[in-house]
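These notes are about the structure you will find just below.
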Amino acid sequence: MSTVLIYTLIGTLAGTILCMIPSLHIYNVMGFALLLYFNFKDLIPFEGMAPLFMSMMVAFAFINTIPMTFLAAADESAGATILPTLDMVMAGRGRDAAILTGMGVFFGGVLLVILSPFFYVVFPYVYKIIRTHLHWVIGLVIVFYVMSEWPKGAGRGDTTWKRFRDGWRNLGAGILTFTLSAIAGIILLTKPLAPADRSFQNIMPIFLGFFAFPSIIQMYLSEFKLPIQHKSRFVNAGWSDFSASLPAGLAGGLMAMTVPAVTIGIAAVFASHFTNHRAIQTTSYQPPKVPGTAVHLHTPEIYWQQERVFVIAGGIMKMMYYIGAFLLMFVLTDITPSGMGRGGLNVLLKPIFTPESGDYAIMCGVILFSSSLSMLALFGLTEVMIWLVPKLNVKILYAFITVLLFGILFFMGGGWMAIAVSLVTTCIGSIPVFFTCRRSHCMAVLLVPIMLSSSGNMDAIARFLGLL
Amino acid sequence: MKGFTHFMSGVAAATCVPEIVRMSTASRLDTVEGAASSLIILLPGIFGILPDTMDFKLGQFFSPGDVIVDPDPINTDPQKMAESFAEAVRRTGETGKPCKIQFYPIQLGGNLWRQYSLIFDEWEVKVQINEIVKTSQTPIPGTALKKNRLGVAKLPFPLKARTNEIDWMNSSIRKLRHLLKGPDAPPGPVKPSTLDILSGTQFEMKLENDGKIFFNWLPWHRTWSHSYVLGILLSLPVFLIAFLSGLYNWWIYGLAAILGFTVHITEDMTGHIGGSLLWPIHKTRSEGFEMFKASDPRTNFSINYTAILLILWNVDMYSIQIIPIPWWQYWTTFWLVPLGIYFWFVGKKKQELRLQDKMEQQEEPDGTGDLVVD
């Protein structure tokens, strides 16, 4: 038991430090986690391995909120939370944004434990049914994700072509990002940079390029300055906001836990389409209240609640995706004797770690313990950040981070080749930043190759592209 | 219905065809035939969302406005905007030819928009400039203009929101609707229209026999794209490609596509606007059965939830068969009971919101109320 506690503490601490680096993607954190393991595997006892990785992920789910909120360092999961949090920060409510996200993550952790009977009784059947059909499930995710992005331009212009071009600015950029990412994914799957046992090295440059470096470029180009943040003993939310966040958090979380390569940014789009209930109370036209007006347009409270619901649900999804997907590895039932885990960490850990019955309860304990520690760390670090950021030259900070990330890439990610790959993916990842389409289009790097491989079409496509 | 609902319903309908599920099962992926057919279920998904995709990503750009209202974000002039509307009415009334008026949104920043409302009367139109809103459509308190918020223009011809000139299709649909729902409610005042984020809106004015101008909202929506005939035409290439590729069961590919398209158009008939069901044979856009609002979250959620359960049930039944309970137990446990609880809860919540709304009308909410989590 003491080993579990010690490695939970170490994992939480390591995760907390690591996640303060802005713009890191979860897959980069996994890469670091495995690097840590490969370098210290003789020192880490077998029973400490799972708590170490689990608590690192828990810390990531909580602490990456801080750079994302206060340094505008968006990773892919930003799609689930960043819009309202950025708004809240600019309105001086950054503390609310960070703590509310953290509370959502904590709520997600508790939810995972509460859902244990569901994971053991119902979920194995869902898992089994979907497993033989994953290729088209991922295909459907791709289809809806691409087709559901709506034009952001209003379609101005005196000719059809001009109107079309104006309306399609973001759609064209989205489709281009998706296609290029998919091709990059197919190339890197057929011609990997590193051997399979070090496959995280393939992932690291790709994801740093797709998410971290474009955010850094965006930060350099923007004039982001943290406004003065209000101090308050309270968080501006009601308990009903948590119940309203539950359907979206649960739907998005379960989806991201179940379907490979579906990250929170993507799951959040589906969850909001599936569960959004704002239209249950629409705006209404009332007699005018102000002289010189004809009507009073009344916007009900549920509209404002959406901001809080969005942030909390995003937190729940983070926990279910990062942690839940790993936790399922420990759900050993008659029809899932090897567990149901998914996600990069699960794939990478499977060869070196085998869960045993009874581990699930320990993992639930690790989640709750590490969540409590991380929540406390989040409170403290939020205050530190609010105090520190106005004093920092954010551009110098980012210059330091850029050098650090390039160093990591060079020494741990595969040398010059990794840097070259990251530069290519940076170009692709910058398209959404500048054309305001969805950043998760970059996830085509995993979605498309996985769909093609699992549907038996990968070889045909690779041959078509001249890769085989 | 919303796009996601059409998408899910199309896929769910396709899984009711056992052969589609069998063709897409992973156990067949080791054969070329299996790999080729493995993604067949994407077709009803794509075709299920296609009608709205064609409208919003294509059709709207082919419908230029004859009168354009693109307000200046700095010096927004509501009077000029109202007069533009009156001009469109005048042109229609005097020439007898339809006239389209296009209103564009007022964007003030990446996430900031100036909202405005169009308020219609039989002989008058008002344009009111409201607060600045975020992309989430929540207004920012205190951002309303201090002066020049309202423009009023008299109309040279009277307006009406419902057409009297109905053809055989619309009269049949009206009869069927009256049978289903009883007679239509007497026409009340026309609801104002509010514009804020992303895209604008368009109205088409048409002079009718009674000398009134019928103004049709989004004249490019649910017309040619929402036609059963077009669904069949668009699936022809799918039939053809599958046939020419020599695929086994080639006709099922086209059938899957038609299913998705058909489900979309049929679902849309439950709303207020129907579709041009037989375009290009018969081009009129029909009315709908007015059973639900397209945006009603209760309908959309319950259909989506049902679709997920149906997909799981069908996929299991036609492939691995591991669900250990009989159908009635499955549907009672996972459909009847949860949806019963859902409708009870949502009904209660709606009542609460109505009450809250009444109180808020006395004191406008601003998102910074006294909700606190200690």
Side-chain angles (χ1 to χ4, degrees), chain A residues 83-84 87 103 125-126 128-129 132-136 139-140 143-144 147-148 150-152 154-156 160 163-164 167-168 171 234-239 241 273-277 279-281 283-286 290 292-295 297-304 306-307 335 454-457, chain B residues 3-4 7 11 24-27 29 34-35 38-39 41-42 45-46 49 53 56-57 60-62 70 104-105 111 117 119 126 128 130 134 136-139 149-150 192 194 198-200 295-297 301 304 312 315-316 319-320 322-323 350 353 356-357 360-361 365 367-368 371-374:
Chain A
L83 277 176
D87 260 2
M103 288 174 88
Y125 292 97
V126 178
K128 273 282 188 190
I129 293 168
T132 46
H133 293 267
L134 266 180
H135 53 285
W136 62 256
L140 286 176
V143 165
F144 184 77
M147 289 183 79
S148 66
W150 245 223
K152 281 187 183 149
R156 287 180 172 88
T160 302
R163 286 191 294 276
F164 181 80
W168 267 70
L171 298 182
F234 304 104
V235 174
N236 186 40
W239 292 116
D241 296 334
H273 278 278
F274 181 31
T275 62
N276 194 319
H277 275 64
I280 205 157
Q281 189 79 344
T283 49
S284 56
Y285 296 92
Q286 311 290 335
V290 180
T293 56
V295 289
L297 186 62
H298 173 72
T299 308
E301 177 62 32
I302 195 166
Y303 274 60
W304 278 281
Q306 288 299 301
E307 189 181 67
I335 59 168
S454 55
S455 65
N457 289 297
Chain B
F4 187 64
F7 178 77
V11 174
S24 62
T25 304
S27 57
L29 297 182
S38 59
L39 298 173
I41 292 191
L42 306 199
I46 294 168
I49 203 172
T53 302
F56 287 93
K57 293 185 184 171
Q60 66 163 319
F61 306 119
F62 285 88
D70 194 0
Y104 284 114
N111 188 29
S117 299
I119 303 135
K126 297 187 184 96
Q128 178 176 305
N130 300 326
K134 297 181 200 168
S136 60
Q137 292 177 301
T138 47
R149 284 190 63 185
L150 190 66
T194 293
L198 299 178
S199 57
S295 60
D296 191 323
F301 179 82
N304 285 325
L312 282 173
V315 166
D316 175 67
S319 59
I320 56 172
I322 57 157
I323 294 179
K350 197 163 166 58
L353 286 168
Q356 192 186 12
D357 209 23
E360 280 166 3
Q361 281 161 27
T368 53
L371 293 159
V372 283
V373 172
D374 197 343

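Quick caveat, the model's predicted, so the values are computed rather than measured. Naming convention: chains lettered A, B, ... in sequence-line order (proteins, then strands); numbering from 1 in each chain.
For the set A:Ser454, A:Ser148, A:Pro151, the entry with the most heavy-atom pairs within less than 4.5 Å of chain B is A:Pro151. Looking only at heavy-atom pairs under 4.5 Å with chain B, the residue among A:Gly456, A:Gly155, A:Ser455 that has the most is A:Ser455. The choice from B:Pro192, B:Pro105, B:Gly45 that makes the most heavy-atom pairs within less than 4.5 Å of chain A is B:Pro192. Highest contact tally toward chain A, considering only B:Asn130, B:Ile323, B:Ile46, B:Asp296, is held by B:Ile46 [criterion: heavy-atom pairs under 4.5 Å]. With respect to chain B, the highest number of heavy-atom pairs below 4.5 Å among A:Lys152, A:His135, A:Arg156, A:Gln306 belongs to A:Arg156. For the set B:Asn304, B:Ile322, B:Leu198, the entry with the most heavy-atom pairs within less than 4.5 Å of chain A is B:Ile322.
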Please report the C-alpha distance between B:Ser319 and A:His133 in whole Å, then the side-chain angles of each, then the deciding distance to 0.1 Å, and finally whether the side chain to side chain contact (heavy atoms under 4.5 Å, CB included) criterion is met.
-> CA-CA 10 Å; B:Ser319 59; A:His133 293 267; 3.3 Å; yes
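For chain A, the nearby parts of B:Thr25 are the backbone and the side chain; heavy atoms of each come within less than 4.5 Å. Residue B:Lys57 touches chain A through both its backbone and its side chain, counting heavy-atom pairs closer than 4.5 Å. Proximity to chain A is limited to the side chain of B:Ser117, based on heavy atoms less than 4.5 angstrom apart. Of the two parts of A:Phe144, the backbone and the side chain both hold a non-hydrogen atom closer than 4.5 Å to a non-hydrogen atom of chain B. Looking at B:Ile41, both its backbone and its side chain come within 4.5 Å of chain A, counting heavy atoms on both sides. Looking at B:Gln128, only its side chain comes within 4.5 Å of chain A, counting heavy atoms on both sides. Only the side chain of B:Ile320 comes within contact range of chain A, with heavy atoms under 4.5 Å apart. Contact annotation for A:Leu140: both backbone and side-chain heavy atoms come within less than 4.5 Å of a heavy atom of chain B.
Using modelled atom types, one side-chain atom of B:Lys350 and one backbone atom of A:Ile280 make a donor-acceptor pair closer than 3.5 Å. At distances below 3.5 Å, at least one donor-acceptor pair connects side-chain atoms of A:Asn457 with backbone N or O atoms of B:Ala35.
The shortest side-chain heavy-atom distance between A:Trp136 and B:Val315 falls under the 4.5 Å cut-off. You'll find the side chain of A:Thr283 reaches within 4.5 Å of the side chain of A:Pro300, heavy atoms only.
Note that the OG atom of B:Ser199 and the CD atom of B:Gln60 stand 6.0 Å from one another [nearest 0.5 Å]. One distance of note links CG of B:Asp316 with CD1 of A:Ile129; it measures 4.0 Å at 0.5 Å rounding.
The aromatic rings of B:Phe61 and A:Phe164 stand perpendicular to each other, their planes meeting at an angle above 60°, with 30° marking the opposite boundary.
Aromatic ring centroids of B:Phe7 and A:His273 lie 6.0 Å or more apart.
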